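What you see is a predicted model; the values in this text were computed from it and never measured.
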Amino acid sequence: MSAPVGPWLVVGLGNPGPRYGQNRHNVGHMVLDELARRTGARLTQASGPGGQRPRAVTAAVRLGVLPGGVPGPAAVLARTTTYMNESGGPVGQVARYLQVLPDRLVAVHDELDIGFGDVRLKLGGGEGGHNGLRDISRALGTRDYLRVRVGIGRPPGRQDPADYVLGDFAAAERRELGWVVDRAADAVETLVHAGLEVAQRTFHAPYE
């Protein structure tokens, strides 16, 4: 079987605008912006078929550096500019325009069912009540795309999960947030360099 061709598509999920910028729900945007910073990329309005403009900003990059200083795999970074529950439209448009298959699409998102600071990766599976993932699955017609799940933990007490994800990180969490975002960006790079199994072994292992 021939090796896959074309770029990876890495999508960071969140809500648009400064009102939501520091919310837990926007950690996917934060990771995407960190990847853009690492590559010196400037995110600009995405192109689409037939002159249509998907509601996303994108940048073509090479992710990371391989042994010997060789630039890493070609990828397109995409940050959605829709509200979270409308993520599927722009993601589907960009994926179709780039002819990216689902197993080359990486969605980076917040995850309630993982402790704060943990990063987990998987291919396919359920959406766990995440409206952004649900809309992407609907638009693609499949759940079989890659996810980098950034743990935000469960809400305390009886707080509504919807209010929790739309709240900003707590002060103690903000002190660690830069490290968490950096680790999630590392996970994306490892995934596209070395594959899912290697990335899972690396980032699912206990760390100090």
Undergrad: Closest approach of Ala59 and Arg42, non-hydrogen atoms and distance?
TA: CB-O, 3.7 Å
Undergrad: Are any of the side-chain nitrogens in Arg138 or Asp135 under 4.0 Å away from the carboxylate oxygens of its partner?
TA: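 Asp135 and Arg138: salt-bridged.
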Undergrad: Is there a side-chain contact between Arg24 and Tyr164 in this structure, where contact means two heavy atoms from C-beta onward sitting under 4.5 Å apart?
TA: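 In contact.
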Undergrad: Go through it in stages, so that I can follow the logic: the residues are Arg37 and Asp182, the test is salt bridge (charged side-chain N to carboxylate O under 4.0 Å, His left out), and I'd like the CA-CA distance, side-chain angles, deciding distance and then a yes or no.
TA: CA-CA 11 Å; Arg37 185 198 66 77; Asp182 198 54; 5.2 Å; no
Undergrad: Side chain to side chain contact (heavy atoms under 4.5 Å, CB included) with Leu146: which of Leu123, Val188, Val10?
TA: Leu123
Undergrad: Output yes when a side-chain donor or acceptor of Asp160 lies under 3.5 Å from a complementary backbone atom of Ala162, and no otherwise.
TA: yes
Undergrad: Are more than 12 heavy atoms, taken from residues, nucleotides or ligands other than Gln22, located less than 6.0 Å from that residue's CD atom?
TA: no
Undergrad: Might you point out which heavy atoms bring Leu32 and Leu43 nearest each other, and give the distance in Å?
TA: CD1-CD1, 3.9 Å
Undergrad: Got more than 12 heavy atoms from elsewhere within 6.0 Å of OH, Tyr20?
TA: yes
Undergrad: Can you say whether the rings of His130 and His109 are parallel (under 30°), tilted (30 to 60°) or perpendicular (over 60°)?
TA: perpendicular
Undergrad: Is it true that the side chains of His29 and Asn15 contain a donor and an acceptor less than 3.5 Å apart?
TA: no
Undergrad: Just so I know, are the side chains of His204 and Leu121 near enough to count as touching, which here means a heavy-atom distance under 4.5 Å?
TA: yes
Undergrad: Of all the heavy-atom pairs spanning Asn23 and Phe169, show the shortest one and how long it is.
TA: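 Looks like O-CE1, 3.8 Å.
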